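Report on the following structure.
Keep in mind the model is a prediction, meaning the values are calculated, not measured. In what follows, chains are A, B, ... by sequence order, proteins preceding strands, each numbered from 1.
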There are 2 protein chains.
Amino acid sequence: MQTDAALSILTALAHPTRLSTFRLLVQHEPDGLSTGQLVEASGLSQSTFSTHLAVLVKAGLVVPEKRGRQQIQRVSIDALRGLILFLAKDCCGGRADLCEPLLAELTCC
Amino acid sequence: MQTDAALSILTALAHPTRLSTFRLLVQHEPDGLSTGQLVEASGLSQSTFSTHLAVLVKAGLVVPEKRGRQQIQRVSIDALRGLILFLAKDCCGGRADLCEPLLAELTCC
DNA sequence: GAATTGCATCGGATAAATCCGATAGATGCA
DNA sequence: TGCATCTATCGGATTTATCCGATGCAATTC
């Protein structure tokens, strides 16, 4: 993952609506949710939410799939993994001392 | 980590200057860097960078320490770990199937 | 005590994000 | 074909972020 891609993902997640949308979609893996369901969950207007969703899709965090008139949205676990690796890379790169406590808690699940 | 805290961290990292500052500080653990050194590395004016640094500090990602006239800045690995756990939590919580590929790459380092 | 250094904060200009209603396009149904 | 549904995009108003120079404050130095 390059810096620009990481910045896109961080920017996409740095908004209450987009972060909760992303988390909601993670919880609904692998079925996904339709855009309409996400609009309803967001409580925002349809047009406003559509703009937010476009940010998530452009960042690669969410992948849409056409199903009739609807768009089914799913998260990209790969994108999430990429971001986490990017954030952890600096300390992992030759810094096992920093990385160890980070991984210790992650492997607990 | 609560949603608000995660949002603060994501917002703090969702800016080129702040992200590169954070990564630079990770690389300089555990000695840290002075604010002046960070200003120089950023290429921005001193006042502008000070505002960015305040965002990182407020989010808990960077912890300042007075040393004479200077402020030594260090990252909080705890905050980074907190964010990563927050992002991974949704899939880890009862979703070992999603979490496994995420951890597989992380443990490689 | 006066001058210097290091950093934070203020004031203000510019750019970007956010929100909505209205509209357009594309798909499915009667 | 005509109509309803689902989603994206446009236009525009409001808020927020970003940037800088100037100033203020605290700690060191002479």
(request) Return the value, rounded to whole Å, for the distance between atom CD1 of Ile72(B) and atom P of dG6(C). (result) 12 Å
(request) Measure from the side chain of His52(A), starting at C-beta and using heavy atoms only, and say which of dT7(D), dT28(D), dT18(C) lies closest. (result) dT18(C)
(message) Without decimals, in angstroms, what is the distance between Phe49(A) CZ and dT7(D) C1'?
(response) 11 Å
(request) Using only heavy-atom distances, decide whether a donor-acceptor pair under 3.5 angstrom links the side-chain of Ser47(A) to the base of dG21(C). (result) yes
(request) Report the distance from atom CD of Glu65(A) to atom C1' of dT7(D), rounded to the nearest whole Å. (result) 16 Å
(message) Please pick, from dC19(D), dC6(D), dC19(C), the nucleotide with the shortest atom-to-atom distance to any side-chain atom of Gln70(A).
(response) dC6(D)
(request) Let me know, please, whether Arg67(A) or Thr51(B) comes out on the 5' side of the other along DNA chain C by nearest nucleotide. (result) Thr51(B)
(message) Rounding to an integer number of Å, can you tell me how far Leu38(A) CG sits from dA8(D) C1'?
(response) 15 Å
(request) Answer yes if the side chains of Ser45(B) and Thr48(B) hold a donor-acceptor pair under 3.5 Å, and no otherwise. (result) yes
(message) Distance check needed: dA8(D) C1' versus Lys58(A) NZ, whole Å only.
(response) 15 Å
(message) Nearest to the side chain of Ser34(A), heavy atoms from C-beta on, is which of dT4(C), dT7(D), dC19(D)?
(response) dT7(D)
(request) For dA16(C), take OP1 and OP2 only and decide whether either is under 4.0 Å from a side-chain N or O of His15(A). (result) no
(message) Nearest to the side chain of Arg69(A), heavy atoms from C-beta on, is which of dA8(D), dA8(C), dC29(C)?
(response) dC29(C)
(request) Compare all side-chain heavy atoms of Leu33(A) with those of Ile72(A) and state whether any distance is below 4.5 angstrom. (result) no
(message) With a 4.0 Å limit, can you tell me whether Thr48(A) has a side-chain N or O closer than that to the phosphate oxygens OP1/OP2 of dC19(C)?
(response) no
(request) With the side chain of Arg18(A) defined as its heavy atoms from C-beta on, choose the nearest nucleotide among dT18(C), dA8(D), dC19(D). (result) dT18(C)
(message) Distance check needed: dC10(D) P versus Gln46(A) CD, whole Å only.
(response) 14 Å
(request) Look at the side chain of Lys66(B) and decide which nucleotide, out of dA8(C), dA27(D), dT7(D), has an atom nearest to it. (result) dA27(D)
(request) Would you indicate which nucleotide in dA8(C), dA27(D), dT7(D) comes nearest to any side-chain atom of Gln71(A)? (result) dT7(D)
(request) Give me the one residue out of Asp78(A), Leu13(A), Ile77(A), Leu83(A) that meets side chain to side chain contact (heavy atoms under 4.5 Å, CB included) with Leu61(A). (result) Leu13(A)
(message) Nearest whole Å is fine: how far is dC19(D) C1' from Leu44(B) CG?
(response) 8 Å
(message) Regarding Arg74(A) and Glu65(A), does a basic nitrogen lie under 4.0 Å from an acidic carboxylate oxygen?
(response) yes
(message) In this structure, how many angstroms lie between the P atom of dT18(D) and the CG atom of Leu53(B), rounded?
(response) 14 Å
(request) Please check if the side chain of Gln27(A) supplies one atom and the backbone of Leu24(A) the other of a donor-acceptor pair under 3.5 Å. (result) no
